[in-house]
Protein chains: 2
Amino acid sequence: MTKATPIKFEIQSQCGEARAGVLTTRRGQIETPVFMPVGTAGTVKGIRFEELESADLDARIILGNTYHLWLRPGVDVIKAAGGLHRFIGWDRALLTDSGGFQVWSLGALRKISEEGTEFRSHVDGSLRFLSPEVSMEVQAALGSDIVMVFDECAPGQASHEETERSMNLTARWAKRSKDAFERLQSEGADTGRIQANDLSGRQALFGIIQGAGHLDLRRLSLEQTVNIGFDGYAIGGLSVGEEKSLMFEVIEDIAPRMPNDAPRYLMGVGTPEDLVEAVARGVDMFDCVLPTRNGRTGQAFTSRGKLNIKNAQWANDSRPLDESCRCSVCQRHSRAYLRHLYMSGEMLASILLTHHNLAFFLDTMRGVRQSIRSGEFPKFRREFTERSSISE
Amino acid sequence: MTKATPIKFEIQSQCGEARAGVLTTRRGQIETPVFMPVGTAGTVKGIRFEELESADLDARIILGNTYHLWLRPGVDVIKAAGGLHRFIGWDRALLTDSGGFQVWSLGALRKISEEGTEFRSHVDGSLRFLSPEVSMEVQAALGSDIVMVFDECAPGQASHEETERSMNLTARWAKRSKDAFERLQSEGADTGRIQANDLSGRQALFGIIQGAGHLDLRRLSLEQTVNIGFDGYAIGGLSVGEEKSLMFEVIEDIAPRMPNDAPRYLMGVGTPEDLVEAVARGVDMFDCVLPTRNGRTGQAFTSRGKLNIKNAQWANDSRPLDESCRCSVCQRHSRAYLRHLYMSGEMLASILLTHHNLAFFLDTMRGVRQSIRSGEFPKFRREFTERSSISE
C-alpha cells in the first residue's frame, strides 16, 4: 500500500522533452500540459465560471492571488464562506500563488527583511506584513488545492551577487513555508480539504526555483528546493524583464533537470508561442494574464498571430477573429461587430475578446497534448510557429 | 383570404384590463405582456446573446437605439453586414426606437424645426439632422422587425399650450414617418426582410401617443395616431420627470381606449412594480434600461424590493441576491461574493447583477402572463406589491 499523497502526477506520453500526462488533484483530473487562467481577486476577469466550465474552454484549474484576496475581501470573509472555492462558487481545482511576486512588484513601496516583507496595502494604505508563515496561513484559509511557497524574486538583470543573496533567502523561506504548511495541515487549517480521488485530502505544496538568468544559481536553487522536498516544482522569476532568449536558455537548462515524476510549473508565462516552446523544453503547467488582460485592451490571439481589434481595417470585416477557431465568439460574431463594441466602449467587447483569447490558449494546449500523445509534437510546434508569424 | 400583415397580435386571456396574448413577428412569437431588454448600441450592456436566449432569460425581443447606431458604427457598416440582426448576431425580434427621444434628451444641444431636429453628435461633434424620413431610412437599413415613428416628446410638466404644439408636430411627423416608411417598404429598403410565420415579411410600424400629463391632449393624440393607422401603438413621453401618480393616471385613461386588437407599448417604463401596475391598466409591451443600468451600479431588483450590493451588511452574507430566484447567478453566487466583486471594481459584478436583474424582470413578466391566463392576476399583483415593499 502506497502512502496517500495530496496530488498524483503521471506522465503518459513523451515526445522529446515534451510530456503529456495527468495531474490528479482532490478536485478533479487535469490533463497536462495545462494552462491556468488567472483569477486574481476571485474572478477570472470578464468571464463567468459557467463559461470556464463550458466545452468551449473547459478550464480544469484556475489561479487565485493570495496578495489580492488577503487584502480584499480578507481572510475572515473567505473563512466565513468556507474557503475560496465556496466563496467564489468554483468546484474545480485552484492554485494560489504566495503573494511574493505581487509584493516584490510593489518596488519601493515594500521593505524586505529576513523575517518577511513589509508593505502598504494598495487598497487602504494600511501597513501589512507578509512572511512564509503568514502566506501559508492565508493559503490554508483560502483552501486552494495547490499552495505555492513564499519566495523572493530577483529582477531579470540582477547581478550574480544580488541573485545569490535573493536565492538563498528564497531557500530559507521555502523551508519555513514547508514547516508552517505542515503544521497547518496537521492542525486542519485547510478550508478546502476534501477526500477525493484516493488522495490524502490535504493541500499540495509547490516549491519555486529562482536564480534569475544565472544558470549556476538556477541549478543550485533547484537542488536546494528539491532537498526540502515538494509535491511539485515551479520556475519563478522569468518573464520579468529579461531577454526572451535568456528565458528559454534557463528553461532549457533547468526544466529537464527538475524531478521527472512531479509537475513542472513555469510561472507567469506567456504568449501561446512561449507556451509551446516551453512545453518543448519539458514544462507541464502555465499561468498568465495575457489572454484576459489583452482581451480587455482589444488584442486577440489567433492562429495567425495577434490581431488588434481597434484597427480601422476591420470596420466592415465579416470574418470571425480567427477563422480556424470553434469558440462561441468566433461562431457568432464578426470582427466588424467586435470593433464596433470596442470603439463604443461596450463591456461586451472585453467579455467576448476575453472568451476568445482563453479559448485560444486552452485550445492550443489541447492541441499540444494531442500532438504529444500522437508523437507529432515537433510537427505541431513547427506549424504553430509558422502560422503565428503571419501578421494580419 | 386575409391580407398578409407584418405582425399578428392575438389576445388569449383577459383579466380585468390586463391582457395575455401572443405577438407574432417575422422573427418568432412573443408572449405578451413582454419586457424588452434595451440593446442601445447593438448590445444589451454586460450580457451575451447566448444568455439572453437561455432558458434563464429567454428574451424574445430586444430594443436597439436608432440614434446610437446611426452615429456609431453608422448605417453603411450595418448595411454592409446585411442589417442589424446579422451585424450583432441576433436572430430573434428587434424593435428600434426612432431616435426622437435621444435627440430630445440632448436639450440645448438640439434645434427642433418643422422639418426635423438638428443636433451635434456626441461621438464626434459633427452636425447631424434627424427627421421622420431620415429615421425611417435608418430603421429600414437596420432592418428591425418593429419600427417606431419619429416623434417629439414634451417635458413631463409641459404646459397645455406647449404640449399641444408638440403633440401636433408629432402627429404631422407620424404621417410623414408612415409615408416614408411605406415608400421604403415598397422599394425593398428593409435589410431585415424575411418571409416567416405567414406574415407579409415587411417591417411593422408603431405610432406613438404623446400629450404629456394632459388627458384631453392624450386622447386627441390617440385619435390622430389611430387615424393615420399603425400596426401597434405606443404611449410615449411618460417617466420623463412627471409624478408617478400622473403617469398611472395617463395610462389608466389612455391604454383601455387604445385599439384592442393591436399591441400597446409603454415606452421607457419602468420598475418591476410599474410594469405590473401598467399591465393592470392594459399595457402589453415594455422596455427599460433599469435592469441593466442599475445592475452596473450595484443595485439588484429582487422579489423583496431593491438591494444595494455595496452595503456592508452583505459582507458575510451567504444568501443569494434573491432566495426565490432560480437564475444562474442566484443558484451559484452569494451576496458576500457579489459585494466583494463590486467593491473590487471587477467587471463580473456588472455581468452577474445585470443577468440577475434581467432574469428578475423577465421572470416577473412570466408570472404576470401565467396569472392572467389562470385568472389570478389580481392576487399576483397584490402579493407582488406586498413582497416588493419589504426593504432589505
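Just so we're on the same page: letters track the sequence lines, and every chain starts at 1.
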Verify, without hydrogens or angle tests, whether [X] (side chain) and [Y] (backbone) share a donor-acceptor contact under 3.5 angstrom.
{"X": "B/Arg128", "Y": "B/Arg120", "value": "no"}
{"X": "B/Arg27", "Y": "B/Gly192", "value": "yes"}
{"X": "B/Tyr337", "Y": "B/Ser318", "value": "no"}

At a 4.5 Å cut-off on heavy atoms, which part of [X] comes close to chain A: side chain, backbone, both, or neither?
{"X": "B/His68", "value": "neither"}
{"X": "B/Leu341", "value": "side chain"}
{"X": "B/Gln331", "value": "neither"}
{"X": "B/Ile47", "value": "backbone"}
{"X": "B/Asp76", "value": "backbone"}
{"X": "B/Thr40", "value": "neither"}
{"X": "B/Arg296", "value": "side chain"}
{"X": "B/Val329", "value": "both"}
{"X": "B/Ala81", "value": "neither"}

If we define contacts as heavy-atom pairs under 4.5 Å, which of [options] has the most with chain B?
{"options": "A/Ala336, A/Gly89, A/Gly42", "result": "A/Gly89"}
{"options": "A/Lys45, A/Arg48, A/Glu346", "result": "A/Arg48"}
{"options": "A/Arg339, A/Met343, A/Arg86", "result": "A/Met343"}

Original post:
Side chains of A/Ser328 and A/Asp56: is there a donor and an acceptor less than 3.5 Å apart?
Top reply: yes

**OP:** For the residue pair B/Arg72 and A/Ser344, confirm or rule out a side-chain donor-acceptor distance under 3.5 Å.
**Re:** yes

Subject >> Which of B/Ile88, B/Val123, B/Val77, B/Asn316 touches chain A most, by non-hydrogen pairs under 4.5 Å >> reply: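 When all of B/Ile88, B/Val123, B/Val77, B/Asn316 are compared, B/Ile88 has the most.
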
**OP:** Using the side chain to side chain contact (heavy atoms under 4.5 Å, CB included) rule, pick out the option among B/Ile62, B/Thr25, B/Leu63, B/Asp287 that qualifies with B/Leu95.
**Re:** B/Leu63

Original post:
Salt bridge between A/Asp58 and A/Arg92, side-chain N to carboxylate O under 4.0 Å?
Top reply: yes

**OP:** Mind telling me whether B/Tyr67 and B/His122 have parallel, tilted or perpendicular rings, with 30° and 60° as the class edges?
**Re:** parallel

**OP:** Can you establish whether the number of heavy atoms outside A/Arg193 located under 6.0 Å from its atom CZ is more than 12?
**Re:**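 It does: A/Arg193 CZ has more than 12 such atoms within range.
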
